[in-house]
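Here is the structure we will look at, set down as structure tokens.
What's counted below: heavy atoms across the whole structure, side chains too, no hydrogens, waters or symmetry copies. Just so we're on the same page: letters track the sequence lines, and every chain starts at 1.
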Protein chains: 2
Amino acid sequence: MNLDKKKQKKPDQCKVVVALDSIVGKWKPLIIQHLLIDGTLRFNELRRRIPDITQRMLTLHLRELEEQDLVERVVYPQVPPKVEYSMTEYGKTLEPVMDVMHEWGAAHVEHMKEIDEQNKKLSQN
Amino acid sequence: MNLDKKKQKKPDQCKVVVALDSIVGKWKPLIIQHLLIDGTLRFNELRRRIPDITQRMLTLHLRELEEQDLVERVVYPQVPPKVEYSMTEYGKTLEPVMDVMHEWGAAHVEHMKEIDEQNKKLSQN
DNA sequence: CGGTATCCAGGATGATACTG
DNA sequence: CAGTATCATCCTGGATACCG
């Protein structure tokens, strides 16, 4: 999606930015997680697992993941069409990354809760 | 920064999304990394380390990181003003996360290079 | 020095309709 | 079923000017 423009002036000496680029997008992390968990999913199966995503965004994000060799797309030439998506072997190297983020995210939710409660107590005095 | 609207319809049952939310933003990863490396930096020191960032974005991102208890802001009441930023103890828990992403990012750059070269060879035939 | 306020452009996402 | 095309909207970030 506009890969030329993406190369412009980006602070991508930092590899974290590179990694984020592959993962970021409103629905990308969810797509990745479902494919990591379920292995292989058809287009509409993915769609059902991510209720609020639009057809358009699912298509766009899948295409980007494909371009990065993270997701594989297999088309069965039949009517009605059948298209299956799965993580590539390479794409599966993302799993540890997702795990680390998932754990940190869970801890962060807890941490923010504690902070909130502390603030409430303080404001009561 | 419009926290109300941020709560809208977001797929944040997924903790990865929570984590990403703290890290994402055009310059946030860079700010975090510099603070992790250098420990404490003044506003303009940070600015110099991230040449293309605008004053506005540096301020906005720092405020967001502060709200999440990731970054600490210390103001020295003097003229001219002096403000120091550093990661909170809690914020430092991001370090392993950043490391994992950094490593994956570096590997990804290499992987994409290989793919490109393969494609070039194929298109020559 | 370390900000804030305003305005604006472009990209990312959403809504909807149509198709092989 | 699995898309594409088009148009509308929203949001992020950039440019610029000003302030204590």
Side-chain angles (χ1 to χ4, degrees), chain A residues 1-12 17 20-31 35 40-67 71-86, chain B residues 1-12 17 20-31 35 40-67 71-86:
Chain A
M1 196 205 242
N2 235 333
L3 291 178
D4 300 324
K5 282 195 180 171
K6 277 199 172 176
K7 282 186 185 169
Q8 280 177 351
K9 245 199 213 169
K10 258 183 124 185
D12 47 11
V17 176
L20 280 171
D21 223 48
S22 303
I23 293 175
V24 164
K26 187 164 177 184
W27 311 95
K28 263 191 215 170
L30 291 179
I31 296 172
L35 290 179
T40 298
L41 289 172
R42 296 179 63 171
F43 187 83
N44 277 341
E45 287 175 333
L46 258 173
R47 224 182 143 186
R48 265 174 259 122
R49 275 166 177 70
I50 310 176
D52 290 334
I53 197 171
T54 59
Q55 210 165 17
R56 172 187 151 81
M57 286 317 296
L58 181 52
T59 304
L60 284 178
H61 280 156
L62 283 170
R63 293 287 178 283
E64 283 178 28
L65 293 169
E66 225 189 317
E67 273 179 35
V71 161
E72 189 183 13
R73 177 173 181 260
V74 179
V75 182
Y76 296 87
Q78 58 185 49
V79 182
K82 174 176 169 182
V83 181
E84 285 184 343
Y85 292 93
S86 57
Chain B
M1 200 205 239
N2 234 334
L3 291 179
D4 300 323
K5 282 197 181 169
K6 274 200 173 174
K7 282 187 185 166
Q8 281 177 351
K9 249 196 215 172
K10 256 185 130 181
D12 46 12
V17 177
L20 280 171
D21 222 47
S22 303
I23 294 174
V24 164
K26 186 163 178 187
W27 310 96
K28 262 192 215 169
L30 291 180
I31 295 172
L35 289 179
T40 299
L41 290 172
R42 297 180 63 171
F43 187 84
N44 277 341
E45 285 175 335
L46 259 173
R47 226 181 141 185
R48 262 175 261 123
R49 274 165 177 71
I50 310 175
D52 289 334
I53 197 172
T54 59
Q55 209 165 16
R56 170 187 149 82
M57 287 316 297
L58 182 51
T59 305
L60 284 178
H61 281 157
L62 283 170
R63 292 288 178 280
E64 284 178 26
L65 293 169
E66 225 189 317
E67 273 178 36
V71 161
E72 187 182 15
R73 176 172 181 260
V74 179
V75 183
Y76 296 86
Q78 58 184 50
V79 182
K82 173 176 171 183
V83 181
E84 285 185 345
Y85 292 92
S86 57

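Listed by chain and number, the residues in a side chain to side chain contact (heavy atoms under 4.5 Å, CB included) with B:V75 are B:R73, B:V83 (sequence neighbours excluded).
From B:L35, atom CG reaches atom CD of B:E72 across 11.0 Å, with rounding to the nearest 0.5 Å. Atom-to-atom distance recorded for B:K28:NZ and B:L20:CG is 10.5 Å, nearest 0.5 angstrom. Separating the CZ atom in A:R42 from the NZ atom in A:K82 is a distance of 5.5 Å, to the nearest 0.5 Å. The CG atom of A:L30 sits 12.5 Å away from the CZ atom of A:R49 when rounded to the nearest 0.5 Å.
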(message) Each nucleotide in nucleotides 1-7 of chain C should get exactly one letter: B, S or -. Can you fill that in based on protein heavy atoms under 4.0 Å?
(response) BBBB-B-

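Among the candidates A:W27, A:Y85, A:F43, the single residue satisfying the side-chain contact (heavy atoms from CB on, under 4.5 Å) test with A:L58 is A:F43.
Proximity of B:H61 to the phosphate of D:dG13: a side-chain N or O atom is located under 4.0 Å from OP1 or OP2. Phosphate contact (OP1/OP2 of C:dG14, side-chain N/O of A:K26, threshold under 4.0 Å): present.
Considering only heavy atoms from C-beta on, B:R63 stays 4.5 Å or farther from B:L60 through its side chain. Between B:L62 and B:L46 the shortest side-chain heavy-atom distance falls below 4.5 Å.
The separation between B:I23 atom CD1 and D:dT12 atom P is 17 Å, rounded to whole Å. Between the CH2 atom of B:W27 and the C1' atom of D:dT12 there is a distance of 13 Å, rounded to whole Å. When the P atom of C:dA12 is taken as reference, atom CD1 of A:I53 falls 15 Å away, rounded to whole Å. Remark: P of C:dT16 and CG of A:L58 are 18 Å apart, rounded to the nearest angstrom. When the C1' atom of D:dC11 is taken as reference, atom CE of A:M57 falls 14 Å away, rounded to whole Å.
End-to-end axis angle of the helix from C:dC1-D:dG20 to C:dG20-D:dC1, from C1' rotation axes over five pairs per end: 50° (rounded to 10 degrees).
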